[in-house]
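Written out below as structure tokens is the structure these notes cover.
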Protein chains: 2
Amino acid sequence: MARGMPGETLLADRLRDQLLEDITNSQLPPGTKLPTEGELSKRFGVSRATVREAVRGLVEAGYVTRRRGSGSYVAERRRMPHGLDSTLSYLAMIENAGAKAGMRVLDAVFEESTNIDSVLHVRPGEKVLAVERVRTADDQPVIYSRDRIPARLLRHDLDLANLDPSLFALLRSCGHAADHATATLRAVPSTICTAKMLRVRRGKPLLYIEEVDYDRDGTPVMLSREWHVSEAFDVRINRRAQVPQAPRMR
Amino acid sequence: MARGMPGETLLADRLRDQLLEDITNSQLPPGTKLPTEGELSKRFGVSRATVREAVRGLVEAGYVTRRRGSGSYVAERRRMPHGLDSTLSYLAMIENAGAKAGMRVLDAVFEESTNIDSVLHVRPGEKVLAVERVRTADDQPVIYSRDRIPARLLRHDLDLANLDPSLFALLRSCGHAADHATATLRAVPSTICTAKMLRVRRGKPLLYIEEVDYDRDGTPVMLSREWHVSEAFDVRINRRAQVPQAPRMR
DNA sequence: GAGTGGTCTAGACCACATG
DNA sequence: ATGTGGTCTAGACCACTCT
């Protein structure tokens, strides 16, 4: 019915959430056949295109599988939820693992940019916000991180003493919400510094993640370097197969 | 024009490839405004919905950015091509890094399943194909891997001596092409075995990747365990921001 | 106000799955 | 033969950007 869009969300999004709720909360064991697209279209009073968009979201999230000529079904196994491709928050990631998440800010200062900041497109001498933190799971240090944000992206009246615990929230409030990122992963031995911060033996393998976050316009907004204690929790990612040369669409 | 589809590809896919070719091969520097959707629709004789689907593919691949109310533009920076989320082939990954890629099959046998195969949904006693390989870059070992595929998914006349170098190609030829995967990453010290295979000092940090590949129906088709020498090349991934709770669609 | 992308509709034909 | 998802069309209104 409603065409352009009420103030709230997309029609397809609301329908997707509705269907997801029906699948999870209610019952519907894996393998259950869902109503046909035509049926849903009629029942919810939306076009079939909208139904398809809603179901597509569930398929991409791994809740539903579609079989051409047959129907749509509740997926057998839900894919892992918290992966590098789906969340930008370690807080939720740690809590999901069943641990008490904590964070300590060791340092937060404005300083001159160095050459590691080149990916942030800062000019020499430009200031960056440098934040040094340790995340804990059940009070055990699990991630030591150094984040850098170009000062020009931030408000000038920023209170370093009462820094927003989420740098993503900080960026969002400044109109530079993180939209996507590229991360590089490597296994490295812990150094004197990282071993002390994470309370591990020196030389112990750490998962090192170097990540650059971009806003919607493709402007690099943050450089994060993180050292993870691998025993603490696993980093998960989801891959998709590709079409040769040009990338897939669906 | 053509409605249902000739034998070949999707209309939107062909249009996407066409546009991509125009962007890359021809000229069009970053920031260039693309024709409007209506314009493209008219020029190629397809509906605007199809144009949107085509451009959507380019946006997802990072070639194009769309600005509501303004237009579509050639993206500033192409995102990294070879990442865990975009390719399932290490061969191309190594070659892209500018090295000569090689591979040695150490072992390929059918054996009884063990409890590590539980993610593959094999019953106790069922056979699995176990392949042990080493990948090299410029003749230096860089990845040691152990892959396992349920035997029931494969042809029975499989020639283990002349195994297809690509297990993905093998799976595809058996009607179980890998469609998506979940991978877990960890930093681990090299063991006696992995240190020998990769010719590194024992205890040296390795990037350990445990991956389960699924076909389009969600059937797990392969379990891969890989140990990467981190100096060799970096593993890159691309992340996307998420909508709280229910996953994004677009 | 004109133009553009974002969303939605109603209806159509096709290819595949199932009985 | 029938039903289902997969693709496509033509046209509409909306929200936003730009001038």
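No experiment lies behind these values; they were computed from the predicted model shown. So that the names make sense, note that chain A is the first sequence line, chain B the second, and so on, each numbered from 1.
- At whole-Å resolution of the value, CG in A:Leu40 and P in D:dT4 are 11 Å apart.
- The distance between atom CZ of A:Arg56 and atom C1' of C:dC8, rounded to the nearest whole Å, is 15 Å.
- Rounding to whole angstrom units, OH of residue A:Tyr73 and P of C:dA17 are separated by 11 Å.
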Extract from the structure each pairing of a protein N or O with an N or O of nucleotides 2-5 of chain C at less than 3.5 Å, listing the distance.
residue, atom, partner, partner atom, Å
C:dG3, N2, B:Gly69, O, 2.7
C:dT4, O2, B:Gly69, N, 3.4
C:dG5, OP1, B:Ser72, N, 3.4
C:dG5, OP2, B:Glu37, N, 3.0

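- Both tests do not hold together for B:Arg66 against B:Tyr73: distance to the six-membered ring centre under 6.0 Å, angle to the ring axis within 45°.
- For the side chain to side chain donor-acceptor pair (under 3.5 Å) test, residues two or more places apart in sequence or in another chain that qualify with A:Arg148 are A:Glu111, A:Asp117.
- Two residues are said to be in side-chain contact when any heavy atoms from C-beta on lie closer than 4.5 Å; B:Tyr214 and B:Met222 fail this criterion.
- Classification of B:Asp17 and B:Arg14 as a salt-bridged pair fails, no side-chain N sitting under 4.0 Å from a carboxylate O.
- Protein atom CD of A:Glu39 is 13 Å distant from nucleotide atom P of D:dG3, rounded to whole Å.
- Separating the CG atom of B:Asp13 from the P atom of D:dG6 is a distance of 14 Å, rounded to the nearest angstrom.
- Spacing between atom CZ of A:Arg14 and atom P of C:dT7 amounts to 13 Å, rounded to whole angstrom units.
- Here A:Thr50 reaches the OP1 or OP2 of C:dT9: one of its side-chain N or O atoms lies under 4.0 Å away.
- Between the side chain of B:Ser113 and the main chain of B:Val122, no donor-acceptor pair closer than 3.5 Å is present.
- Between B:Glu37 and B:Arg68 there is no salt bridge, since no side-chain N of the basic residue sits under 4.0 Å from a carboxylate O of the acidic one.
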